[in-house]
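Within every chain, numbering begins at 1; the chains are lettered A, B, ... in the order of the sequence lines, protein sequences first and strands thereafter. What you see is a predicted model; the values in this text were computed from it and never measured.
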Amino acid sequence: MAVATVQAASQDMPASIAGTVVARNVVVPRRHPGRWLAVLLLAVIAVQAAHAVAMNPNFHWDVYVKYLFWPQVIRGVGWTLLITVVAMTVAIVVAGLLVIMRDSDNPILRGLAYAWVWFFRGTPIYTQLLFWGLFAVLFPRLSLSIPCGPEIAGIEARYLVTPAMAAILGLGFNDSAYLTEIFRSGFGSIDRGQTEAAQAIGMRPGRIWWRILMPQAMRVIIPPTGNETIGMLKMTSLVLAVPFTLDLTFATNAIANRLYLPIPLLMVSGTWYLAITSILMVGQHYLERHFGKGVSVHPARAE
Amino acid sequence: MDAAIDTNFCVEMQNIHKFYGPVHALRGVDLRVRRGEVCVAIGPSGSGKSTLLRCVNQLEGISTGRVFLNGELQGFIERDSRFHPLATGTVAAQRRRTGMVFQRFNLFPHMTALQNIMEGPLQVKGWTRERSRAKALDLLQRVGLKGFEGRYPSQLSGGQQQRVAIARALAMEPEVMLFDEPTSALDPELVGEVLDVIKDLARSGMTMVVVTHEIGFAREAGNHLVFMDEGMIVEEGPPREILANPTNPRTRAFLSKVL
């Protein structure tokens with residue numbers, strides 16, 4: 001009988017060591033009636049809300065469906081995506097340079113980086129976009145010249161700072177100030193020993209930055225940068241200030257004003273913003289997984 | 001002055017002073033380490049032995065004095081009795097000739113054990129991936145970690161991490177190995193495995209400077225013992241003699257506490 005017990009045990013009990021059967025406690029799962037009650041309550045509320053929205057004639061679902069894939073709307077989605085991606089790229093490159101400048105031994109470079117963050121973080125984005133829109137009025141002609149001397153080359157500002165360019169620079173420079181702080185916290189979270197170990201095997205500063213520090217900082221940088229990217233997506237609706245008139249919000253507003261039906265068109269733009277955000281979140285997930293290599297994450301949790 | 005440089009010395013430090021603000025951390029240290037010699041530095045905490053070690057590969061800048069590695073002045077060009085600091089790239093090239101092992105391992109956490117060891121040959125020496133990989137596998141076997149290629153540092157014990165760190169330093173084929181308290185952060189039962197690797201390395205003829213609190217290791221593997229206190233070398237010589245009959249009262253006081 002004892003033999004039979006050992007055999008039966010060894011199949012599903014890896015804890016049995018060399019024939020010693022360890023009797024396991026039979027644990028009955030703890031009941032959580034409070035949780036189930038909360039789930040039930042929330043489910044009822046959700047069904048009620050969904051019903052109220054779906055059956056409400058004021059939402060004009062037929063208009064919503066008609067304009068969801070309207071060419072003007074799709075073009076707006078394209079422009080919004082383009083401005084988001086390009087402005088974010090500008091912001092990341094500028095923030096990268098600013099972080100290096102802030103790390104510099106030279107007080108002038110450090111001061112410049114600090115002043116940039118101070119200015120672009122300290123003034124409203126709407127005001128900044130208005131100024132970028134007025135750039136061609138304030139500076140009609142951009143030229144490269146010897147100071148107080150003859151001009152070498154010049155261009156009409158309105159050809160260079162087009163509304164799209166103004167929107168990209170305005171959004172990008174504004175966000176670079178916030179990203180600088182995020183990057184700084186990311187690089188600041190790395191132990192000093194990492195740089196020393198890389199120096200000790202003879203790596204040059206650029207390579208230490210790229211191979212050792214950046215991949216480790218990314219782990220800290222990505223979640224808030226994902227936030228910034230999603231924030232940027234929705235900030236593109238402010239480019240009306242430039243004025244830039246091809247983005248998603250402007251497109252749906254224009255249709256809504258023509259139809260005198262703001263609600264369904266707001267739902268159209270809302271759907272698209274949500275869709276783009278979802279795609280960005282998937283991308284963020286894979287980035288986090290890539291840069292999370294080698295880190296065993298056991299998030300703290302209050303039981 | 002240059003005539004004083006004996007090329008038999010792998011590391012030669014002349015009159016090294018180091019200030020941290022008002023703190024005088026090193027007070028005129030002279031140290032000569034012959035090729036193939038295992039130089040062990042002991043002394044109380046804060047005596048400057050780690051700082052001295054870090055001056056060899058320029059992780060610390062010296063305030064006064066000269067450091068030579070196999071006859072080459074480190075960190076500066078001396079011209080018209082003035083010191084001109086070398087460019088960052090040249091300093092990096094000089095550091096390639098030394099290998100360092102840290103108290104806290106400092107492995108790159110985002111790389112596997114193999115990638116940690118390959119990083120130097122691949123990125124700094126410009127070897128091919130195949131050659132770097134072969135070298136790294138060879139070294140992993142040498143430190144007794146065959147089969148651990150794919151482990152990340154977080155999946156290794158302290159002793160294993162430190163052995164990977166030793167392999168990473170060896171991958172650069174350094175002229176001298178610097179150990180900065182390599183076993184101080186380890187659990188007692190893991191100290192032995194790391195010391196065995198270091199002893200093995202000593203037997204292979206590698207020049208080493210080891211800062212440690214392991215007196216047994218100093219007696220067994222060292223052939224040049226340096227006792228430091230308050231930023232100065234107080235006593236030096238063959239380990240067995242000094243450990244058996246310390247002449248300096250401060251050495252005697254220190255040894256009576258740790259032995």
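Contact detail for B/Phe102 and A/Ala200: the closest heavy-atom pair is CZ-CB, 4.0 Å. The two atoms that bring A/Lys293 and B/Tyr152 nearest to each other are CD-OH, 3.3 Å, heavy atoms only. Nearest heavy-atom pair, A/Gln216 versus B/Pro109, reported as atom, atom and distance to 0.1 Å: OE1-CG, 3.3 Å.
Other residues, nucleotides and ligands place more than 12 heavy atoms under 6.0 Å from the NZ atom of B/Lys199. Other residues, nucleotides and ligands contribute over 12 non-hydrogen atoms within 6.0 Å of the CG atom of A/Leu144. Crowding of B/Arg97 atom CZ: a count of heavy atoms from other residues, nucleotides or ligands under 6.0 Å exceeding 12. Heavy-atom contacts from other residues, nucleotides or ligands closer than 6.0 Å to CE of A/Met165 number 12 or fewer. Counted within 6.0 Å of CZ on A/Phe187, heavy atoms from surrounding residues, nucleotides or ligands total more than 12; the atom is thus considered enclosed.
In this structure, A/Gln194 contributes its side chain and B/Leu107 its backbone to a donor-acceptor pair below 3.5 Å. When atom types are taken as modelled, the side chain of B/Asn106 and the backbone of A/Gly193 share a donor-acceptor pair closer than 3.5 angstrom. Proximity of a side-chain donor or acceptor of A/Arg207 to a complementary backbone N or O of B/Gln123 within less than 3.5 Å is detected.
Interatomic distance, CZ of A/Arg211 versus CG of B/Leu122, reported as 7.0 Å (0.5 Å rounding). Atoms CD and CD1, on B/Glu119 and A/Ile212 in that order, are 4.5 Å from each other to the nearest 0.5 Å. Going from atom CG of A/Leu213 over to atom NE2 of B/His110 covers 8.5 Å, rounded to the nearest 0.5 Å.
In this structure, chain A has heavy atoms under 4.5 Å from both the backbone and the side chain of B/Phe108. When heavy atoms are compared at a cutoff of 4.5 Å, B/Pro153 does not approach chain A at all. Proximity to chain A (any heavy atom under 4.5 Å) is shown, for B/Leu178, by neither the backbone nor the side chain. Using a 4.5 Å cut-off between heavy atoms, B/Arg151 does not touch chain A at all.
At least one side-chain heavy atom of B/Arg168 sits less than 4.5 Å from a side-chain heavy atom of A/Ile201.
Of the listed residues A/Glu196, A/Arg204, A/Met203, the one with more heavy-atom pairs under 4.5 angstrom with chain B than any other is A/Glu196.
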